Amino acid sequence: MIDFHSHVLPGIDDGSRDTDESLKLLKMCSEQGVTKIAATPHFYPNDDTPERFLRRRNEAALRLKERLFDGAPEIILGAEVYYFSGISTNESVGQLRLGNTGILLLEMPFAKWSPSMVSEILDLHGRNGITVMMAHIERYLGFQSADVWDSLLKHGVIMQSNAGFFTDWRTKRRALKMLRSGRIHVLGSDCHNTKDRTENMGKAYEILNGRDREYLKDNEEYIIRIGVK
Ligand SMILES: [Fe+2]
């Protein structure tokens with residue numbers, strides 16, 4: 001099981017405060033059957049440059065690595081990149097892809113996206129070596145019309161949903177329907193801490209049937225292969 005979205009690295013964003021908390025989160029991952037976890041700290045283009053972000057991220061990863069326990073899930077370094085105008089032509093943004101895949105986890109504003117924003121997502125997605133993965137798509141559903149989703153799906157944009165979309169009884173039915181109609185491709189915990197935004201992939205998987213799990217496994221394998229250099 002791969003957790004495609006997390007704030008598990010210590011002291012880098014509003015996620016895990018320190019290495020102890022990161023280790024607790026990783027223990028929870030192991031207990032829940034997570035074998036790989038994408039560490040995707042927030043990248044905010046107004047506050048940071050990709051180069052400075054990568055330096056900070058790699059330092060945090062090193063601090064954690066020094067204390068990793070046997071059987072800890074494999075950590076794949078990435079970023080949760082906040083959309084900005086010009087992202088599709090930015091030279092440095094490709095460095096924020098997930099591990100050695102072509103995946104770029106993209107966070108969007110919580111508002112209706114303009115047609116030019118949608119076309120910029122598609123331009124970014126079409127760029128050599130980049131496949132866009134939309135972060136926690138359930139948060140944007142109410143803002144966009146159906147044709148926006150159809151267009152992104154048609155172009156092969158990958159849709160990541162948070163595990164919480166499945167574990168919340170109010171949204172569970174909708175989440176399952178979207179998964180089973182190919183509108184959600186992968187899950188992530190988006191875990192930030194050990195209290196109220198914690199690792200919950202195992203809980204989401206309890207809701208899934210065998211066929212759902214197979215579907216997610218196939219997608220995971222496919223995604224990890226994409227763009228491997
Ligand atoms: Fe996040």
Side-chain angles (χ1 to χ4, degrees), residues 1-18 21-22 24-26 28-29 32 34 36-48 50 52-54 56-58 60-61 64 73-84 87 93 95-99 101 103-111 113 117 121 124 130-144 152 157-168 171 175 178 184-205 216 219-220 223:
M1 189 196 299
I2 302 180
D3 181 345
F4 275 99
H5 182 161
S6 82
H7 300 270
V8 73
L9 290 185
I12 181 166
D13 60 3
D14 60 341
S16 168
R17 270 164 310 156
D18 51 31
E21 186 161 44
S22 299
K24 277 186 200 155
L25 281 169
L26 290 174
M28 293 168 93
C29 285
Q32 293 177 33
V34 174
K36 290 187 169 82
I37 182 165
T40 51
H42 289 287
F43 171 76
Y44 293 119
N46 290 338
D47 307 338
D48 221 344
R52 200 169 56 201
F53 169 87
L54 288 174
R56 289 194 303 120
R57 187 198 67 185
N58 295 344
L64 182 56
E74 180 191 338
I75 298 171
I76 311 171
L77 296 178
E80 179 178 7
V81 180
Y82 194 73
Y83 172 87
F84 57 98
I87 191 171
V93 90
Q95 298 176 70
L96 304 176
R97 287 177 299 177
L98 182 64
T101 75
I103 298 291
L104 193 87
L105 185 67
L106 184 67
E107 181 180 28
M108 295 297 293
F110 300 123
W113 309 330
M117 286 165 83
I121 298 171
L124 176 66
I130 290 183
T131 299
V132 170
M133 178 185 281
M134 301 291 291
H136 40 55
I137 56 151
E138 71 280 7
R139 294 199 194 168
Y140 314 116
L141 293 177
F143 297 116
Q144 323 308 327
L152 295 175
V157 170
I158 294 173
M159 303 296 177
Q160 179 257 314
S161 144
N162 281 359
F165 192 35
F166 288 80
T167 58
D168 186 331
T171 54
M178 287 181 66
I184 291 173
H185 303 119
V186 293
L187 303 190
S189 67
D190 200 6
C191 64
H192 279 65
N193 55 53
T194 49
K195 292 192 178 75
D196 53 352
R197 295 186 72 183
T198 196
E199 181 58 47
N200 57 353
M201 289 287 286
K203 230 173 143 190
Y205 264 66
L216 287 174
N219 288 345
E220 288 173 355
I223 284 161

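Predicted model, so just to flag it, every value in this text is computed and none were measured. Values below: every heavy atom of this structure, side chains too, minus hydrogens, waters and symmetry copies. We're numbering straight along the sequence, starting at 1. Ligands are counted one by one from 1 in listed order, and the atoms in each one are counted from 1 as well.
Among pairs with a residue in residues 158-167, none fulfils salt bridge (charged side-chain N to carboxylate O under 4.0 Å, His left out), at least two apart in sequence or across chains.
Considering only heavy atoms from C-beta on, Y140 comes within 4.5 Å of W113 through its side chain. Within the 4.5 Å cutoff, no side-chain heavy atoms of F4 are placed close to those of N219.
In summary, H5 places an N/O/S atom under 2.8 Å from the Fe ion (ligand 1), meeting the contact criterion. Coordination check, H7 versus the Fe ion (ligand 1): passed, since an N/O/S atom of the residue sits under 2.8 Å.
Exactly one of K24, E21, R17 qualifies for a side-chain hydrogen bond (donor to acceptor under 3.5 Å, both in side chains) with T194. That residue is E21.
For E80, the N/O/S atom at the shortest distance from the Fe ion (ligand 1) is named OE1. For the Fe ion (ligand 1), the nearest N, O or S atom contributed by D190 is named OD1.
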